[in-house]
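In what follows, a structure is listed as structure tokens, so that the remarks can point back to it.
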Amino acid sequence: MSTASTPLLSVRALETRFVDDGVALTAVDGLSFDVGRGETLCIVGESGCGKSVSALSIMRLLPPTSRVTGRIQLDGKDLGALSEPEMRRVRGNAVSMIFQEPMTSLNPVVTVGYQIAEAVRQHEGKSWAEGYARATEMLRLVRIPEPERRVKEYPHQLSGGMRQRVMIAMALACRPRVLLADEPTTALDVTIQAQILELMRDLQAETGTAIVLITHDLGVVAEMAHRVVVMYAGRKVEEAPVGDLFERPCHPYTVGLMGSIPELGSSLSAEGTPRRLAEIPGIVPSLRAMPAGCRFAPRCPLADERCHAQSPPLTENRPGHWSACWHWERAGEAIHVHA
Amino acid sequence: MTDITLQGGAPAEAAPASRSRIGRIVRRHPMMVAGGVILVGMAIVAAAAPLLAPHDPIELNVVDRLRPPDEDYLLGTDAYGRDMLSRMLYGARVSLIVGLAVAGLATVLGLLIGVIAGYYRLADAILMRIMDGLMAIPGILLAIALMALTRASIEVVILAITIPEVPRVVRLVRAVVLSIREQTYVQAAVAIGTRFPRLMRKHILPNTVAPLVVQATYIFAHAVLVEAYLSFLGVGTPPEIPSWGNIIAEGRLYVQIAFWQVLFPGLALALMVLSINVLGDGLRDMFDPKLSRRS
Amino acid sequence: MSTPEAKTPLLEVRDLVKHFPIRKSLFGKARARVHAVDGISLDIAPGETLGLVGESGCGKSTAGKVILRLIEPTSGSIRLEGRDITALGAGDMLAVRRQMQVVFQDPYSSLNPRMPAGEIVGEPFINYGIGGASERRDRVAALFRKVGLRPEQMARYPHEFSGGQRQRLGIARALALGPKLIIGDEPVSALDVSVQAQVVNLLMDLQAELGLSYLFIAHDLAVVEHISHRVAVMYLGKIVEIAPRRSLFGQPQHPYTEALLESVPATRPGLRRERKTLTGDVPSPIAPPSGCRFHTRCPYAIPRCSQEEPLLHAVGEGHQVACHLR
């Protein structure tokens, strides 16, 4: 909504519903965002907020029990209008995806080189030899030592961090313009996470890929994002440039999230005892029983009658900073620390 | 953080009322329900055989021998003039009794041995080698040997069919016990001081029920078939008791002039086995939410 | 929250080793072993929280389970309140288990899905024959209230609870027998951040109220810093550094601790640290490197590091590190 140039990927009013036992459950409810070339957009939220479903909806990778509506444009081209074979050419080519679980996302019975080469062959009509050459080059790009040897290895022969690099190599092999990364470092240790995040930043600088990074970790957001979308219970509740979001969050949920993370070095403060963590009381509402007004109202310390009755619209409170809260000016008071 | 699944972080809803639950099972697994209904129907008919049978199944009546189906003998008669329908009704009893007894016996024995093998390492090594040995014995040869040693009776048939089935159940139970005992909640139970008998009863064995029920249906179907083979070969149910295998074996000689002697018991056998298997498949799908979702 | 150091330790672990034999030969002799825990020693004082951190595969979870005697130790000793429990039989362990409880990481797999919540929390009472049916019910209701659940929820099954509520059930079960020590095996790692804060706060409240000791095993350094009085860092089965919280997070001595701290993403944008990213992966615990186990990834390694194993030695008050260079 705020990128200066025309967006590379533009999502408007994305809505994803699942039909379960005759009941339609809305997992994503009217999500819109833009990502520009060389930009990293982080979508942050807790389990069940619809962030992963959004990515799968964009890639059209959801099971047939789902219904997706809304407009998804890649470089001005409407992805929704594409047939399944056409979409298959887009996936892994113009848009690729990295999943959280590197082991289950790789085929265990063929070598990693084969898997990358096959993608290159299919999307770019190259020969096997060219495909393997590209595979080796990609493994080198993601800093895997001895790529000539690793290219002939099977996924189980690689460590977790190495597998996630292979996933990235595979996702980048066809030089996608947009990379959707769904919790790419959640399953990894911190030292490996640091390596992978650095790698993604470097690769973006080299190739100008737009990255949509889905995560629950505000630390990852702080390190990676240019802009941030905060989701809660299927809806976007806040969007802002990263600095502005952390400096002045305009939604009580964002404020609560930030307050609930312990900060490294907290014991080094003057008192020597870390502050008590802020809590967001209660739990995320079930898809089957969404609150009528603002979906965060039942857990929000600022909620009043209007919040419970009427859903607040997304408004641009400051340039480029949007939030959906009736009381956004007071959002900073929404810290809930009970003694 | 897989929020692809709908549960997400939200608690699941309370179980729906039982009325709609039956309706939902019928809607989701129509084949299973059909199999179950046919099987129950056969069991009722078999139980009521003395009431339903129009003729004595054993009494010879040479005048009416090899009569094709007509209004007196709905399914015709055999070479001794015995009513096929009556004999088949009684034969269903043999099949069902043998099937049920084998499934029950194999399950109980398999459960016992499987639990021991799954929990005690030393016993495991010994028991599983014995089970491997048992599995290597062909059931039919075992039956022939047993019959040669003893007098033919339904009990011996049941025993002969049960023995080679036990190892299958043992393997199944052992696999479940081995995987469940590694579950965190079993470790948690040990940590709060749960003793072995309760650990088994409350935490481990309930997990074997679903796979065992499914396995039992397959054993049931298999036992019905094997009983028929054995009787057909003359090493099963004694000839004076009508069983589907016996009937087919006797009818085999006259198949060219009296096809009904082979066709009808054959069809009955096929229908019974098919309905049990369909029931078993349905139960397996029902117990495994991943499979049932796909349908 | 000063560290209660003067008292005798509640838990004393000395030279604890756990090797898992793998690749057995035909006659059952192990050809190789996973060196999961390779000689760790630690103390926990009454009312104290010791954080145990490290990356996956460093042996921290195994250490917790061995201390609980859910896994048999290969060698070493475990003392609880001065009593050696390393070799106690199953019967004697029953008495010890009342003093020492566990909360597991995964709130989905640590509760029996076929048992109602009330029965899960009340099972310890049944195991130890405590109270009649109605007294047990009251006690379970009290435990539910203590961990912030409603007693009306006792009849529900685990799948009807959210992740955070399930972790509360696990904590209620651990509290049932009135233990002195609770071992938390990544107790908040599987939870969403907002819920994680609720559970961390609950654990700290319970400690203040009941005087519990915790062995808090986790990989999230910020959470460990928040909750612990002292922290031990593990790498490939060894403790490489152990120190009071402030001194470990303020003046980390071991290069591995340093790297771990630098790898944690900053919680504010623009604070991105210029970091010396560790290269490579953790070596296999089947054949750990000779000498210092960290030397293959250590930016400061000298020849001595690959030949001689560094021992834990004091570098400050209560601060010990296993590194040749410090």
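Order of the sequence lines fixes the chain letters, A, B, ..., with proteins taken first and strands second; residue numbering starts at 1 for each chain.
For the atom pair OG of A:S260 and CG of C:L191, the computed distance is 11.5 Å after rounding to the nearest 0.5 Å. The CG atom of C:L261 lies 12.0 Å from the OG1 atom of A:T191; values are rounded to the nearest 0.5 Å. With rounding to the nearest 0.5 Å, the separation of CD1 in A:I283 from CD in C:Q165 is 4.5 Å. Here the CD1-OG distance, from C:I227 to A:S267, works out to 13.5 Å after rounding to the nearest 0.5 Å.
Counting heavy-atom pairs under 4.5 Å between each of A:V221, A:L218, A:I261, A:I192 and chain C puts A:I192 at the top.
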Audit row: A:Q193, C:S263, side chain to side chain donor-acceptor pair (under 3.5 Å) steps and yes/no: CA-CA 8 Å; A:Q193 164 170 292; C:S263 302; over 6 Å; no
Starting from the C-alpha separation in whole Å, work towards a yes-or-no answer on side chain to side chain contact (heavy atoms under 4.5 Å, CB included) for A:S266 and C:E225. CA-CA 7 Å; A:S266 56; C:E225 178 182 11; 3.8 Å; yes
Please test A:R276 against C:D205 for side chain to side chain contact (heavy atoms under 4.5 Å, CB included), starting from the C-alpha separation and ending with a verdict. CA-CA 10 Å; A:R276 195 182 166 78; C:D205 292 346; 3.0 Å; yes
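Taking every heavy atom of both residues into account, C:Q196 and A:P262 meet most closely at NE2-CD, 4.3 Å. Summarising the geometry of C:H226 relative to A:L277, their closest heavy-atom pair is NE2-CG, 3.4 Å, with the distance given to 0.1 Å. A:D189 and C:E55 get closest at one heavy-atom pair: CB-OE2, 3.0 Å. Among all heavy-atom pairs drawn from A:A222 and C:A266, the shortest one is CB-O, 3.4 Å. Here the closest heavy-atom approach between residue A:L264 and residue C:F249 is recorded as CD1-CE2, 3.7 Å. The shortest non-hydrogen separation linking A:I280 to C:Q198 is O-NE2, 2.5 Å.
Residue contact with chain A, scored on non-hydrogen atoms closer than 4.5 Å, involves the backbone and the side chain of C:V193 alike.
Between the side chains of A:E279 and C:S194, no donor-acceptor pair of N or O atoms lies under 3.5 Å.
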